[in-house]
Amino acid sequence: MGLTKTENFTEEQNELADIARVLAHPARIAIIQYILKIKQCIGGEIVEEIPLAQPTISRHLKELKNIGVIQGTVEGKSVCYCVDHNRWNDIKGVFNKFFETK
């Protein structure tokens with residue numbers, strides 16, 4: 001099977017696929033759920049909550065940041081992450097539109 005030719009699909013289809021790909025990992029879901037639950041920016045304490053090594057957590061945070069669902073600010077040597085609620089609502093809208101398709 002060949003590579004997916006994204007130009008053959010709509011912008012909406014590509015966006016939904018990109019978001020779904022990133023959210024398809026349980027660690028990323030756990031990270032988002034944790035950040036939403038504590039309702040504040042967090043940094044290193046993610047490693048204490050999610051049973052993965054720090055470099056692995058960092059890779060997952062990078063993927064979540066790439067789709068815009070989280071944002072990070074640098075504070076000294078640490079990065080503080082929080083959910084970008086505007087983007088989170090956009091993502092919910094993308095999925096709602098998809099699931100409401102008839």
Side-chain angles (χ1 to χ4, degrees):
M1 182 177 233
L3 295 175
T4 303
K5 296 184 178 185
T6 57
E7 68 271 3
N8 291 337
F9 303 99
T10 68
E11 186 176 326
E12 287 178 344
Q13 290 167 331
N14 283 305
E15 180 183 22
L16 181 60
D18 287 342
I19 294 167
R21 179 191 57 78
V22 171
L23 296 180
H25 196 289
R28 295 177 192 149
I29 299 298
I31 290 168
I32 293 169
Q33 288 174 323
Y34 178 66
I35 295 172
L36 286 169
K37 181 177 99 177
I38 64 165
K39 298 179 184 170
Q40 62 183 355
C41 289
I42 58 167
E45 57 268 22
I46 295 175
V47 177
E48 297 168 11
E49 294 295 321
I50 310 294
L52 297 171
Q54 190 278 324
T56 304
I57 295 283
S58 292
R59 282 195 309 271
H60 289 305
L61 288 167
K62 182 180 177 185
E63 288 292 325
L64 292 168
K65 195 171 179 183
N66 284 343
I67 64 166
V69 73
I70 63 169
Q71 53 191 3
T73 57
V74 177
E75 295 177 3
K77 292 184 178 182
S78 65
V79 179
C80 183
Y81 293 99
C82 59
V83 171
D84 180 333
H85 289 282
N86 290 330
R87 179 65 175 144
W88 183 244
N89 288 331
D90 291 344
I91 289 170
K92 288 193 284 189
V94 168
F95 277 99
N96 285 338
K97 187 174 181 181
F98 172 71
F99 288 121
E100 292 172 358
T101 302
K102 295 180 181 183

Give the C-alpha distance, both sets of side-chain angles, the deciding distance and a yes or no for side-chain contact (heavy atoms from CB on, under 4.5 Å) between Asn14 and Glu11. CA-CA 5 Å; Asn14 283 305; Glu11 186 176 326; 5.8 Å; no

Walk me through whether Ile19 and Arg87 qualify under side-chain contact (heavy atoms from CB on, under 4.5 Å). CA-CA 11 Å; Ile19 294 167; Arg87 179 65 175 144; 3.7 Å; yes

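Once rounded to the nearest 0.5 Å, the distance linking CD of Glu48 with CD1 of Ile57 reads 11.0 Å. Ile38 contributes atom CD1, which lies 7.5 Å from atom CD1 of Ile46 (distance to the nearest 0.5 angstrom). Rounded to the nearest 0.5 Å, atoms CD1 (Ile35) and CG (Leu64) are 7.5 Å apart. The distance from the OG atom of Ser58 to the OH atom of Tyr81 is 6.0 Å, given to the nearest 0.5 Å. Annotation: the span from Glu49 atom CD to Lys37 atom NZ amounts to 6.0 Å, rounded to 0.5 Å. Summarising the geometry, atom CD1 belonging to Ile91 is positioned 11.5 Å from atom CG belonging to Asn86; distances are rounded to the nearest 0.5 Å.
Residue-environment remark: CZ (Phe95) exceeds the threshold of 12 foreign heavy atoms within 6.0 Å. With a 6.0 Å radius and a threshold of 12 heavy atoms from other residues, nucleotides or ligands, Gln13 has its CD atom above the threshold.
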List the atom pairs, with distances to 0.1 Å, where a side-chain N or O of residues 21-33 and a protein N or O form a donor-acceptor pair under 3.5 Å, not counting sequence neighbours.
{"residue": "Arg21", "atom": "NH1", "partner": "Glu63", "partner atom": "OE1", "Å": "3.3"}
{"residue": "His25", "atom": "ND1", "partner": "Ala27", "partner atom": "N", "Å": "3.0"}
{"residue": "Arg28", "atom": "NE", "partner": "His60", "partner atom": "ND1", "Å": "3.0"}
{"residue": "Arg28", "atom": "NH1", "partner": "Val22", "partner atom": "O", "Å": "3.2"}

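Contact check for Lys92 versus Asn89: side-chain heavy atoms found under the 4.5 Å cut-off.
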